[in-house]
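To start, the structure under review is shown below, and the notes come after it.
What's counted below: heavy atoms across the whole structure, side chains too, no hydrogens, waters or symmetry copies. Within every chain, numbering begins at 1; the chains are lettered A, B, ... in the order of the sequence lines, protein sequences first and strands thereafter.
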Number of protein chains: 4
Amino acid sequence: MRTTSAQKAKAAGKPRLRDAEATKARILEAAKKEFAKNGLGGARVDVIAEKANANKRMIYHYFDGKDHLFQTVLEDAYNGIRTAEQKLNLNDLEPKAALEKLVRFTWEYYLKHPEFITLVNSENLHRAKHLKKSQVVRATSRKFVGMVKELLERGVSEGVFRPGIDPVQLNLTIAAIGYYYITNRFTGSIVFERDLMAKDALEERVQFNIETIMRMVCA
Amino acid sequence: MRTTSAQKAKAAGKPRLRDAEATKARILEAAKKEFAKNGLGGARVDVIAEKANANKRMIYHYFDGKDHLFQTVLEDAYNGIRTAEQKLNLNDLEPKAALEKLVRFTWEYYLKHPEFITLVNSENLHRAKHLKKSQVVRATSRKFVGMVKELLERGVSEGVFRPGIDPVQLNLTIAAIGYYYITNRFTGSIVFERDLMAKDALEERVQFNIETIMRMVCA
Amino acid sequence: MRTTSAQKAKAAGKPRLRDAEATKARILEAAKKEFAKNGLGGARVDVIAEKANANKRMIYHYFDGKDHLFQTVLEDAYNGIRTAEQKLNLNDLEPKAALEKLVRFTWEYYLKHPEFITLVNSENLHRAKHLKKSQVVRATSRKFVGMVKELLERGVSEGVFRPGIDPVQLNLTIAAIGYYYITNRFTGSIVFERDLMAKDALEERVQFNIETIMRMVCA
Amino acid sequence: MRTTSAQKAKAAGKPRLRDAEATKARILEAAKKEFAKNGLGGARVDVIAEKANANKRMIYHYFDGKDHLFQTVLEDAYNGIRTAEQKLNLNDLEPKAALEKLVRFTWEYYLKHPEFITLVNSENLHRAKHLKKSQVVRATSRKFVGMVKELLERGVSEGVFRPGIDPVQLNLTIAAIGYYYITNRFTGSIVFERDLMAKDALEERVQFNIETIMRMVCA
DNA sequence: CATGAATGAGGATTCATTCAT
DNA sequence: GATGAATGAATCCTCATTCAT
């Protein structure tokens, strides 16, 4: 393993300066927050630079402009959720438990990572022009769909799931019932005149979601 | 020299007085499209004025700036869906048919009015700061929730629906499974490697959604 | 004749404000100077706006950016020299006198309008990408070449000019011997260790140029 | 990891000492091209460094910044043409042949070295501020003017040239008729609606130039 | 000798909004 | 009521140059 300059700086007890990787990471992190908060159009390059404790010029040096930076952030976001999903090890559980775990996980992931939702919304506003360029996302997503498909098949063969359910439709629905609630938490709280983000409300929602999916899938 | 709307009206022998309303309407229509296409932040006042065949100054005259214009557009959008929902006359149908009609209606409304979705997304990006000011939306929404609540109760008393289902949660879910699909049609088509907006795909989806809700609600 | 707002303003004794034509003209004039002084790349939009006593935004409003502004300035410059050439009325003079008048005019025009030279140099640095779009320049230039061609033919038929001289080559040479001297006045003054722009030097040069051309053309 | 020039030299068994000169030369060559293509203002230090396969820092190390680098390039350019001129050995030819050779040489030099022209144009845009600092250019130029002066005197004494011709004026004209044509090849090709750089056009031009000068100088 | 990370001062361009008529 | 000219404050991006190793 090569000794990075970051490690050298650390070893020398100095603050992280002149460390390309660290700077890139800081920019990426700051960009994620800024894009999540304000969308692609509303995000400000200056603000990202400032929050990253980096020079604005570095953003162009490392990421070649705002758009490409957004694309990188978006890819990272997709990688994040897909990686987490892979770690669920649904195969180690019996079908019903596995399905419930997936619904609960999806919900909790959105809850913990609302920035993922804002990023995706922003990307859809831009007609997915950044995602179109990404090959990685397709590959990892395919893998994920495969995982759910296997789960469904296993459940069917064990006689606990109904046959004939499309894994893509199921995936979409599992995502939808969580995503929609979170992304519309502000307007929803007004329209329905209740605080959708209150602790009880969140708990109630996840139960409702689990029940919705179980009733749909179980035999 | 361009013919102004005022002149046109004059030429047509119409009184000038109605121009004000017409101009307002044109601005509102143009604004809806522009906001839907680009979000609040991405929309351009110049473009709205141009598309409305109106003077930019008029936007400030009638709507007091971009933000307030957005708020008006948003309120109109909510009025639109709420009005359409009221016309469903769910009471004239037996519970199951009424519920299916509602699910189908919701799906079709989103499909026909994707601008509603973009506007709501934009509003959530801005933490619902415009909607907070609106009183009308709360009132009409309350009415809508009441409608669903009655339907549920009727179904329960007739023994076709399960008891104990929260009308708000149900509403949220009915909306979610349609809204999510439409708003994420661009990224979704890439991630799942299929054209989510293809005719067959849309038909398949609405059936899946109906089944999801029926299984959740029916006894 | 329509009453322009400029005239109205004038009539009212007010300073020229809110006068589109006047603002455009001021921007154009300022741009000519700035481009002449620093070339296209070296010119600063801020400086042009300031010198034009106009808002920077107006430059984009009226001229659609720096490049297009340069193109307009360049076209104006070509129009200027071509218009002046047309006013020479070489047909009213006998061939030799007409030719001498042309040489002297060309020299004096460059001397009075060094900005024309700088603009053309800048345009050549950019491989004539702006001029390529202009149709007017081609037409007026064609007319000018025709004028010289007629002069040559007249001189030949009167027996004072040699036959077989290409008007384009002659034009190029008449321009060259003046243009080169003026455009390279700074380096030339150093290289040849004499002030090329001194009054005597200029007079000497025009005589030399006239003699060069007369000897080339006369029978 | 990219192989640095230092490593290459090492691998080739060469002493590291020569690398300095090689790096300087590479930078100079890259700078000449970049300045020629885009002028002083339009040239980019990054691009020069990249093309020179050198580190940007080296430019500052060896040349003390962009301006001084330009000055060096410019001096080299002048040295180039002056050196070539000295090699003409005009004294070995009879006056007329020598003069024709000079005209032809000048033309061909510009044709082969259009970068010389761009550099000189750039320098004149900057009012010769770099050249002013150079002493060498003055000396070599003086020598060149002397060469032409001697040629003229020899021609006069042999009765083939007219007396009274100023060598500086003649030099200027010989340069002008070639330089102007080349520097304005882009705009010229449009204005005169013919490809000035076509093979035939170039041949025609050099003949025209030779005739222009011969008619001017010969008795 | 050489590297590449970092920077501050601009540079062109855009935008919502106000002003004068 | 309507128009279009005008503006200042951003906003993204670029550049020559210096710093730390």
Contact class for B/Ala49 vs. all strands (heavy atom < 4.0 Å): base, sugar-phosphate, or nothing?
nothing
To the nearest Å, how far apart are [X] [atom1] and [N] [atom2]?
{"X": "D/Met58", "N": "E/dT3", "atom1": "CE", "atom2": "P", "result": "7 Å"}
{"X": "B/Ile27", "N": "E/dT17", "atom1": "CD1", "atom2": "P", "result": "14 Å"}
{"X": "A/Lys66", "N": "F/dT14", "atom1": "NZ", "atom2": "P", "result": "14 Å"}
{"X": "B/Asn38", "N": "E/dT14", "atom1": "CG", "atom2": "C1'", "result": "15 Å"}
{"X": "D/Phe63", "N": "F/dT17", "atom1": "CZ", "atom2": "P", "result": "14 Å"}
{"X": "C/Tyr60", "N": "F/dA5", "atom1": "OH", "atom2": "C1'", "result": "18 Å"}
{"X": "A/Ile59", "N": "E/dA5", "atom1": "CD1", "atom2": "C1'", "result": "15 Å"}
{"X": "C/Asp46", "N": "F/dA10", "atom1": "CG", "atom2": "P", "result": "16 Å"}

Do C/Leu119 and C/Phe70 have side chains that approach each other closer than 4.5 Å (heavy atoms only, starting at C-beta)?
yes
Under a 4.5 Å cut-off applied to non-hydrogen side-chain atoms, are B/Phe186 and A/Lys129 in contact?
no
Closest nucleotide of DNA chain F for B/Arg57 versus for A/Val45: which of these residues is on the 5' side?
B/Arg57
Could you check B/Arg44 against A/Tyr62 and say which one's nearest nucleotide on DNA chain E is further toward the 5' end?
A/Tyr62
Go nucleotide by nucleotide along DNA chain E from the 5' end; which of A/Ala54 and B/Asp64 gets its closest nucleotide reached first?
A/Ala54
Do side-chain atoms of A/Glu115 reach the backbone of A/Lys32 as a donor and acceptor pair under 3.5 angstrom?
no
Please confirm whether the shortest side-chain N or O distance from A/His61 to OP1 or OP2 of E/dA6 is below 4.0 Å.
no
Quick one: is C/Thr23 getting a side-chain N or O under 4.0 Å of the F/dA5 phosphate, OP1 or OP2?
no
Can a salt bridge be assigned to the pair A/Glu34 and A/Lys37 using a cut-off of 4.0 Å between side-chain N and carboxylate O?
no
Check C/Lys56 with C/Asp46, please: is the shortest side-chain N to carboxylate O separation under 4.0 Å?
yes
Wobble G-U and Watson-Crick pairs count when both distances are under 3.5 Å; given that, what is the 5' to 3' dot-bracket string of DNA chain F, with | for pairing to other strands?
.||||||||||||||||||||
Search all heavy atoms of A/Ile48 against all heavy atoms of A/Ile27 and return the closest pair with its distance.
CG2-O, 4.0 Å
If you look at every heavy atom in B/Thr118 and B/Phe35, which pair is closest and at what distance?
CG2-O, 4.3 Å
Is there a donor N/O on one and an acceptor N/O on the other, under 3.5 Å, for the side chain of C/Lys56 and the base of E/dT13?
yes
Indicate, yes or no, whether a donor-acceptor pair under 3.5 Å links the base of F/dG1 to the side chain of B/Asn55.
no
